[in-house]
2 protein chains.
Amino acid sequence: MDEDQLDLLFHAMASQPRRAILELVRENAGCNLNFVAGHFEFSRIGVMKHLDVLEAANLVISQKNGRDRELYFNPVPLQEVHEHWTDHYSRHFAARLTNLKRVVEQQTKGRK
Amino acid sequence: MDEDQLDLLFHAMASQPRRAILELVRENAGCNLNFVAGHFEFSRIGVMKHLDVLEAANLVISQKNGRDRELYFNPVPLQEVHEHWTDHYSRHFAARLTNLKRVVEQQTKGRK
DNA sequence: TCTATATGTAACCTTTTAGTTACTTATGGA
DNA sequence: TCCATAAGTAACTAAAAGGTTACATATAGA
């Protein structure tokens with residue numbers, strides 16, 4: 001991921017409303033703009049602008065279906081940062097790595 | 001970590017100069033403001049403001065020593081987000097968890 | 001075809017961010 | 001004590017962010 005994309009990603013994440021919108025889209029894959037706007041106090045246009053920011057960061061992907069725009073959460077950018085940090089800060093994160101190892105093993109249990 | 005602190009953290013990270021400053025401080029623990037400013041094209045005051053943002057996000061900790069202000073990288077906030085993501089997005093990150101597991105095992109090898 | 005709905009665009013306003021220069025304060029050392 | 005150096009504060013500017021209202025477009029369905 002290049003530096004400009006990282007700017008977009010962190011900027012998108014640096015807002016409580018946007019994180020809440022992202023969470024809503026994550027839990028309601030395929031929902032549309034009005035659905036999201038219905039959950040917030042500010043205007044539909046405000047929500048749309050937040051969605052544009054999330055989409056520029058590639059955290060939300062949208063697809064036109066008739067007059068609806070279906071919204072989907074895209075985990076890839078967060079995962080890339082997560083993995084980069086795993087590598088880059090391993091020295092600093094070391095103190096808790098044993099715990100992380102346990103969590104990972106828990107989650108990969110029974111999977112191939 | 002509360003939501004306001006997350007805002008400060010992501011906002012601090014959403015800037016290439018700040019990420020570069022953070023990296024410099026990380027690799028030069030205890031360095032001072034002028035040392036950092038010497039590595040960038042913009043003014044010392046500009047650098048100081050970036051450091052203030054990093055410090056508000058708790059990514060940099062500073063300590064006065066004589067007329068110097070010694071700067072230290074603090075990995076804790078990034079680690080907290082990292083661990084939160086590990087839990088929260090485990091379902092979405094699953095596809096690459098096998099690979100992550102390998103990395104973690106590599107890094108914890110021989111450690112207790 | 002007509003209408004209600006879902007989205008999109010334009011223009012505007014206020015606040016915050018990112019940077020500057022000029023000036024002030026504090027301290028280490030000759 | 002005097003001076004050079006490191007940091008801090010104040011005031012200003014330009015640009016970006018975050019929100020609004022008003023208007024325009026597109027489509028599903030009676």
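No experiment lies behind these values; they were computed from the predicted model shown. Below, chain A is the first sequence line, B the second, and so on; all start at residue 1.
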Legend entry - Per-nucleotide protein contact string for nucleotides 4-14 of chain C, where B marks a base within reach and S marks sugar-phosphate only (heavy atoms under 4.0 Å, - for neither): BBSBBB-B---
Legend entry - Whether Tyr89(A) and His84(A) hold their rings parallel, tilted or perpendicular, with breakpoints at 30° and 60°: perpendicular
Legend entry - Glu3(A): partners by salt bridge (Lys or Arg N to Asp or Glu O under 4.0 Å), with sequence neighbours left out: Arg19(B)
Inset, instruction - Mark yes when over 12 heavy atoms from residues, nucleotides or ligands other than Glu41(A) sit less than 6.0 Å from its CD; otherwise mark no. - result: no
Inset, instruction - Identify, with sequence neighbours excluded, every residue that meets ring pair (Phe, Tyr, Trp, His ring centres under 6.0 Å) alongside Phe10(A). - result: none
Inset, instruction - Sort and list the pairs that fulfil ring-ring contact (aromatic ring centres under 6.0 Å, His included) and have at least one residue in residues 43-64 of chain B, not counting sequence neighbours. - result: Phe42(B)-His50(B)
Inset, instruction - Report the distance from atom CG of Asn32(A) to atom NZ of Lys64(A), rounding to the nearest 0.5 Å. - result: 9.5 Å
Legend entry - Close residues, residues 3-28 of chain B, relative to DNA chain C [heavy-atom separation under 4.0 Å]: His11(B), Arg18(B)
Inset, instruction - Without swapping roles, check the side chain of Asn74(B) against the backbone of Asn58(B) for a donor-acceptor pair under 3.5 Å. - result: yes
Legend entry - Distance (rounded to the nearest 0.5 Å) between His82(B) NE2 and Asp87(B) CG: 11.0 Å
Inset, instruction - Look at the side-chain heavy atoms of Ile, Leu, Val, Met, Phe, Trp and Tyr, link any pair under 4.5 Å apart, and say whether Leu6(B) and Val81(A) land in one connected group. - result: yes
Inset, instruction - Extract, from 5' to 3' on DNA chain D, the first and final nucleotides lying under 4.0 angstrom from some heavy atom of chain A. - result: dA17(D) to dA28(D)
Inset, instruction - Looking at every strand, decide which applies to Gly66(A) at a 4.0 Å heavy-atom threshold: base, sugar-phosphate, or nothing. - result: sugar-phosphate
Legend entry - Any donor-acceptor pair under 3.5 Å from Glu23(B) side chain to Arg18(B) backbone: no
